[in-house]
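Below is one structure, written out as structure tokens; the observations come after it.
The basis for the numbers below is simple: all heavy atoms, side chains too, and nothing from hydrogens, waters or symmetry mates. By convention here, the first residue in the shown sequence is residue 1.
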Amino acid sequence: MPVTIHRASVAEVAPLTLYRLLWLRVSVFVVEQEAAYPEIDGRDIEPGAELMWAEDASGEVLATLRILREERNTRIGRVATAASARGRGLAADLMRAAVDVLDREAPGIPILLDAQAHLADWYGRFGFVVAGDPFAEDGIPHVPMRRTRLVTERLVLREWTRSTEDRAFLFDLYRRPEVRRYIGDGRTMADADEVDALLERWSARADGVLGIRAVTTVDGARVGVILLKPIPWSAGAAHGRPEDVEIGWHFHPDAHGHGFASESAAAVLALAQASGIPRVVAVTHPDNVASQAVAVRIGMHPAGETGDYYDTTCALFISEAAA
């Protein structure tokens, strides 16, 4: 029997279909999982909320999920499949359809979800990574997860994973003196285990469009790192001002000379501006003329040298949204 996928707000769903859809959710989350909680929680009728579901030719709802549009993110939740329809890949079909909708609608905007812990690897198939500490909800272990994807002409900007391939690339990148020369104290990585601590720090900095993303070619070859994050003030420099947002880029020597840093940085700067971040800064070592050239190419304005950040002297570049 053919299965079709549908998407609509609550107000647009036919009453009988909505009944079947909510019945499925209660059957799975309340009855099957023995969790007495408010399954009908009011969020289905928020502005921008939509339901997606798979139904057969008879109108039976076989699987469902919902999409929420929050101020700084989008969110997928309430992923459920009827017991009689499991093993057919229907939930995967819905997930692919949902992330495709959100990627087209809001490229680069994070998609969040709270996954039951035993399903984290399954959600990983769709580009989600664990993005916080485990927690229990109604006695069931969960982990927060996050997915971002921003595509340019030649590149894909995505979350870093804990995969062997991502970790190996980062170790190879940051063990190189020519990469580390102008970053921090210049110390290179000496142990591959340092990558895990780095990824933990990066995960903690993810907030809305802020985060540290992998840069790959469209065929998946890893080429570098693009950063959009709060920048620390030097001691005594804040004067009560909120943190500035910094854009930065670290690229593998094998990827130099292709314009990848400029292409990815321009995309992230545009994302920051579209998301309402009024001021973005880039700082480089005064001798790092290559990074300074990237800042100029993406439209940032040179502002001389400053000691306001990182307790050191940097060349400063600024991008400010038009008033």
Given the rule in the side-chain hydrogen bond (donor to acceptor under 3.5 Å, both in side chains) test, do Q292 and T284 qualify, once you have shown the distances and angles that lead to the verdict?
CA-CA 7 Å; Q292 292 163 25; T284 77; 3.1 Å; yes

About how many Å separate NE2 of H6 and CD of E50, when rounded to the nearest 0.5 Å?
14.0 Å

After noting the C-alpha distance and the side-chain angles of R176 and H252, does the key distance pass the side-chain hydrogen bond (donor to acceptor under 3.5 Å, both in side chains) rule?
CA-CA 9 Å; R176 294 173 176 265; H252 196 283; 3.3 Å; yes

Do NZ/NE/NH1/NH2 and the carboxylate oxygens of D103 and R147 come within less than 4.0 Å?
yes

What is the minimum heavy-atom distance between R149 and V151, and which atoms define it?
NE-CG2, 3.8 Å

Donor-acceptor pair, side chain of R88 and main chain of S84, under 3.5 angstrom
no

What verdict does the side-chain contact (heavy atoms from CB on, under 4.5 Å) test give for E246 and L227, after you've listed the backbone C-alpha separation in whole Å, the side-chain angles of each residue and the deciding distance to 0.1 Å?
CA-CA 7 Å; E246 173 190 18; L227 306 91; over 6 Å; no

Heavy-atom donor-acceptor pair, R154 side chain to H258 backbone, under 3.5 Å:
yes

Within this structure, what is the CZ-CZ distance for the pair R175 and R180, rounded to the nearest 0.5 Å?
13.5 Å

Polar side-chain atom of T64 near backbone of M52 as donor-acceptor pair, under 3.5 Å
yes

How close do D114 and P144 get, heavy atom to heavy atom, and via which atoms?
OD1-CA, 3.7 Å

In Å, rounded to the nearest 0.5 Å, how long is the span from CG of L113 to OH of Y123?
6.0 Å

After noting the C-alpha distance and the side-chain angles of L271 and L157, does the key distance pass the side-chain contact (heavy atoms from CB on, under 4.5 Å) rule?
CA-CA 12 Å; L271 175 65; L157 283 58; over 6 Å; no

With a sphere of 6.0 Å drawn around CG of D133, does it hold more than 12 non-hydrogen atoms of other residues, nucleotides or ligands?
no

What are the two closest non-hydrogen atoms of D166 and E159, and how far apart are they?
OD2-O, 4.4 Å

In plain terms, say whether R7 and E12 are close enough for a salt bridge, that is, a side-chain N and a carboxylate O under 4.0 Å apart.
no

Taking every non-hydrogen atom, the tightest pair across G208 and N73:
CA-OD1, 3.6 Å

Do I226 and F169 belong to the same hydrophobic cluster, where Ile, Leu, Val, Met, Phe, Trp and Tyr are linked whenever their side-chain heavy atoms lie under 4.5 Å apart, directly or via other members?
no

Do I111 and I67 sit in one hydrophobic cluster, given that two such residues count as connected whenever their side-chain heavy atoms are within less than 4.5 Å of each other, even indirectly?
yes

With W249, which residues qualify under ring-ring contact (aromatic ring centres under 6.0 Å, His included), at least two apart?
none

Same cluster (ILVMFWY, side-chain, under 4.5 Å), V280 and L210
yes

Is a salt bridge present between E46 and R69, judged by a nitrogen-to-oxygen distance below 4.0 Å?
no

Evaluate the criterion side-chain contact (heavy atoms from CB on, under 4.5 Å) for residue pair W53 and V13; output intermediate values, then yes/no.
CA-CA 11 Å; W53 69 96; V13 181; 3.9 Å; yes

Heavy-atom donor-acceptor pair, S203 side chain to L199 backbone, under 3.5 Å
no

Using modelled atom types and a 3.5 Å cut-off, is there a donor and acceptor pairing between side-chain atoms of E243 and backbone atoms of A238?
no

Treating D44 as the side-chain partner and A49 as the backbone partner, does any N or O pair qualify as donor plus acceptor under 3.5 Å?
no

Would you say T74's side chain and P110's backbone share a donor-acceptor pair under 3.5 angstrom?
yes

Between the NZ atom in K229 and the CZ atom in R205, the distance rounded to the nearest 0.5 Å is 4.5 Å

Hydrophobic cluster membership, with links at side-chain heavy-atom distances under 4.5 Å among I/L/V/M/F/W/Y: are W160 and M145 in one?
no

Salt-bridge present (R187, E194; N to O < 4.0 Å)
yes

Can you tell me if R146 uses its side chain to pair, donor with acceptor, with the backbone of A206 under 3.5 Å?
no

Can you name the closest pair of heavy atoms from V218 and L155 and give their distance?
CG1-N, 3.9 Å

Considering all heavy atoms, the nearest A36-D138 contact:
O-OD1, 4.4 Å

Any idea how Y182 and H285 line up, ring-wise: parallel (<30°), tilted (30 to 60°), or perpendicular (>60°)?
tilted

Salt-bridge contact D172-R222 (side-chain N to carboxylate O under 4.0 Å)
no

Is V215 reachable from V209 through a run of I, L, V, M, F, W or Y residues, each pair having side-chain heavy atoms under 4.5 Å apart?
yes

